[in-house]
Peer 1: 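Following this message is one structure expressed as structure tokens.
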Amino acid sequence: MSDEIKVFIASDEDVVTARQEGRSLAESLGFSKVDATLVATAISEVARNVVQYVGEGEVVITPLTPGGRRGICIVIRDSGPGIPSIDLAMKDEHPSGGRAGLGLPGARRLMNEFEIESHEGHGTTVTMVKWQGSE
Amino acid sequence: MTVTETIGRFRNSYSEAFEAYLSHPSEGALHAAYELGRQAVADDLSILDLTEVHHTMLAAATARPRATTTAGVMAAASDFLLQVLSAYEMVQRGFREAQEELRSEREHADQLRRLADSSVAISSSLSIRDMLNTLTDHAREIVGVECCVAGIAGAEAGGPNVAMSRTRAFAGCDHFATDPRLSEMQALAAGLDGPARMDRATPEEASPFNDSALDPADVLIAPLRSRGHDYVGFIVLVGKMEGRFTDKDESIAIQLAQTVSAAIDNALLYERERRIAEALQRGLLPTDIPILRGVAVAARYLPGASGLNVGGDWYDVVSLPDNRTGVAMGDVVGRGVKAATVMGQLRTAFRAYAHDGSWPESVVGRLDRLMSTLDRDHFSTMVYLVWDPTERVAHTVLAGHPPPLLIDRAGRSRFLDNDPSVPLGTVADFSYGSVRTSVDVGSTLVLYTDGLVEQEGDLEQGLARLQKAASYPSDDANQLCDRILKSMLPPDSEDDVAVVVLRFLGETEL
């Protein structure tokens, strides 16, 4: 897709770039300041895991405009060892969250749609969507 | 680290990151704000501490001379705070989600408990009508719907095998209980394997929803199937009160359908046996009572209303040599077809022995010996009374039966007491004795089975109530019979009851 934005992430600076791209696109799609902040937060929350646990990966940000709705799709993928148990990783007690309510499940709650796919040895892909005007 | 130390450290980090953002508003500084928020959450810092820290920093920042306007500082501070608080937002949403899960789990546990209660209530229903009423009431309450209709296969509209429970205001499914919609509903349910929401089913036959204002998505139907998977009926739920029907509602419908299907299976079997027993019993009671000299007779037999207690109550009135009259009444203990069969044998034997002209105690003695050879599982109580109009006396023999009540022409009454006795077929070679009672013109005798006096469980009280109900002067045996039944029995009495009233007439009335 021509209007997709790709950000390679291997450091905190790269995560900041991904946040910046996500926030700008959200704002240009008419997202409120609060919602744009939540989009940036979700990117940080997932991307920091990639940098911290895998080392590198990429963030792909795409605008969605089906039938007059406006949304933002964020795909964050890495080619690390993969997550052995997604169910466990999505639980609030998982150590990647650092604290109940943060981490992957925290990111899920900030977005409208959230999918995670992981195969051992073949990395992990998180796909998140947030729609404008939705909580 | 103490709380104060934690806050102190947080204050320093906050001051640094905040000042950096105010000097150079950048995404990088916001990322730092987000990390600060995460740290605050991880350190269990309260949102009040956070607010206090932010305001102290903001006050200091506005007091300091700088290039940007105060309004600019305020706007930047707001962006910064928003980013810090987004970590708290994540936690808050997690908390809300957990609350919701807890609520839903509690609701589910509550539903399971109510399902278990329903199973018990359905299984202990006394008739199919009861069962369907219980089913529809419970299903409506558990799932939370406006209306529930249930019927068994072949049920006729308005008949006892269709039941509906609905909120007062909701009339949207009344037509499901009446034809032609009822038969269409049966046809539709018979074609289903399990519960179905009607927006998902594509019925090819005549749909019960034709020209109905109902939204098919708001209708859930489940077939009731027997152990052999035969169609035995349907249940339909209409008008979910909150939201739409869910998969959970479908599993509740399956549970209820299974419980009620098994119960219907049993009830149908039982009902069949009950009908046979009742027909048998009615066939064995005398169809008409002989016209007798000096005595007017009225007799009634009422099977139990719930149909569960068709028993072996019987009575007979025979005309004997020398103008004498024999009146017998018995109660075979035991229920159903078997008891009715034993009763038939007993009554036939009674006729044969009575017509021999034997003394009443000898008739009862022979029946006792017969009973002990007939069947070890059943025994029978009995009263046999012979009225001799020449001497104006009654000879009464009791075999474990409640004593007849004698009412004189003034309305005074007493029970014909007897020596202690035992039911037929219980004690080998028991010697039954008779009691001789003088009976005046205008007196009345009441014979009855225990169903009449044991309605409230207490025999003594029942006998007292009978005495009260019968103790009034009456000229008409039929009238007295009806009066006694009416005042002694509740409308849906479960036990069966037989009553015979004998009114002794004067010579002029013969």
Side-chain angles (χ1 to χ4, degrees), chain A residues 7 9 11-27 31-49 51-52 59 61 90-112 114 128 130 134-135, chain B residues 1 3 6 10 13 16-18 20-21 24-47 49-50 54 71-72 74-102 104-105:
Chain A
V7 180
I9 48 167
S11 67
D12 269 6
E13 285 72 36
D14 299 331
V15 173
V16 169
T17 309
R19 285 172 55 93
Q20 177 65 57
E21 295 291 356
R23 186 193 299 273
S24 306
L25 180 59
E27 280 173 355
F31 278 59
S32 68
K33 180 163 270 184
V34 169
D35 281 351
T37 301
L38 295 182
V39 167
T41 305
I43 292 174
S44 280
E45 200 59 42
V46 180
R48 78 193 295 284
N49 272 350
V51 174
Q52 195 171 337
V59 178
I61 303 166
M90 291 308 290
K91 281 213 167 115
D92 281 320
E93 300 80 39
H94 195 257
S96 77
R99 169 73 165 75
L102 302 178
L104 290 176
R108 172 176 67 76
R109 293 187 188 109
L110 297 181
M111 305 297 278
N112 298 123
F114 187 98
M128 320 186 273
K130 190 164 183 72
S134 63
E135 207 188 275
Chain B
M1 213 184 305
V3 179
T6 306
F10 181 75
S13 317
E16 216 172 284
F18 188 50
Y21 183 68
H24 301 286
S26 71
E27 191 64 40
L30 284 180
H31 181 61
Y34 152 73
E35 288 291 349
L36 262 177
R38 274 190 121 257
Q39 189 57 49
V41 167
D43 287 347
D44 265 337
L45 227 59
S46 88
I47 209 153
D49 289 332
L50 179 73
H54 179 78
M74 296 297 282
S78 152
D79 290 351
F80 189 86
L81 182 63
L82 212 57
Q83 189 58 71
V84 175
L85 288 178
S86 67
Y88 279 88
E89 175 72 13
M90 264 194 279
V91 174
Q92 167 77 2
R93 288 185 184 207
F95 178 71
R96 278 209 303 264
E97 203 176 276
Q99 289 285 305
E100 182 54 34
E101 268 168 30
L102 191 67
S104 138
E105 264 169 36

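Below, chains carry the letters A, B, ... as their sequence lines are ordered, and counting in each starts from 1. Only this structure's heavy atoms are used, side chains among them; waters, hydrogens and symmetry mates stay out.
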Peer 1: Please report the shortest heavy-atom distance between E27(B) and A40(A), naming the atom on each side.
Peer 2: OE2-CB, 4.2 Å

Peer 1: When rounded to the nearest 0.5 angstrom, what is the spacing between CD in E35(B) and OG in S44(A)?
Peer 2: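 Going from CD on E35(B) over to OG on S44(A), the span is 7.0 Å.
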
Peer 1: Does F18(B) have any ring pair (Phe, Tyr, Trp, His ring centres under 6.0 Å) partners at least two apart in sequence or in another chain, and if so, which?
Peer 2: H54(B), F80(B)

Peer 1: With E100(B), which residues qualify under salt bridge (Lys or Arg N to Asp or Glu O under 4.0 Å), at least two apart?
Peer 2: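 Scan of E100(B) (salt bridge (Lys or Arg N to Asp or Glu O under 4.0 Å), adjacent residues dropped) gives R103(B).
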
Peer 1: How many angstroms lie between atom CG of L82(B) and atom NZ of K33(A), to the nearest 0.5 angstrom?
Peer 2: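 Separation between the atoms: 8.0 Å.
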
Peer 1: In plain terms, say whether R109(A) and E89(B) are close enough for a salt bridge, that is, a side-chain N and a carboxylate O under 4.0 Å apart.
Peer 2: no

Peer 1: Search all heavy atoms of L102(A) against all heavy atoms of V41(B) and return the closest pair with its distance.
Peer 2: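 It is CD1-CG1, 4.0 Å.
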
Peer 1: Using non-hydrogen atoms only, which part of L85(B) is less than 4.5 Å away from chain A: side chain, backbone, both, or neither?
Peer 2: neither

Peer 1: Does CD belonging to Q92(B) count more than 12 external heavy atoms closer than 6.0 Å?
Peer 2: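 Check passes, neighbour count above 12.
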
Peer 1: Among R108(A), R23(A), Q20(A), R19(A), which residue forms the greatest number of heavy-atom pairs with chain B at distances under 4.5 Å?
Peer 2: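 Option with the top pair count is R19(A).
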
Peer 1: Using heavy-atom distances under 4.5 Å, tell me whether A42(A) contacts chain B through its side chain, its backbone, both, or neither.
Peer 2: neither

Peer 1: With a 4.5 angstrom heavy-atom cut-off, could you sort out which part of V15(A) is near chain B: side chain, backbone, both or neither?
Peer 2: side chain

Peer 1: Applying the side-chain contact (heavy atoms from CB on, under 4.5 Å) test to H31(B), which of T17(A), T41(A), V16(A), I43(A) qualifies?
Peer 2: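 When side-chain contact (heavy atoms from CB on, under 4.5 Å) is applied between H31(B) and each of T17(A), T41(A), V16(A), I43(A), only V16(A) qualifies.
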
Peer 1: Within a strict 4.5 Å, meaning less than it, do heavy atoms of the L38(A) and Q83(B) side chains meet?
Peer 2: no

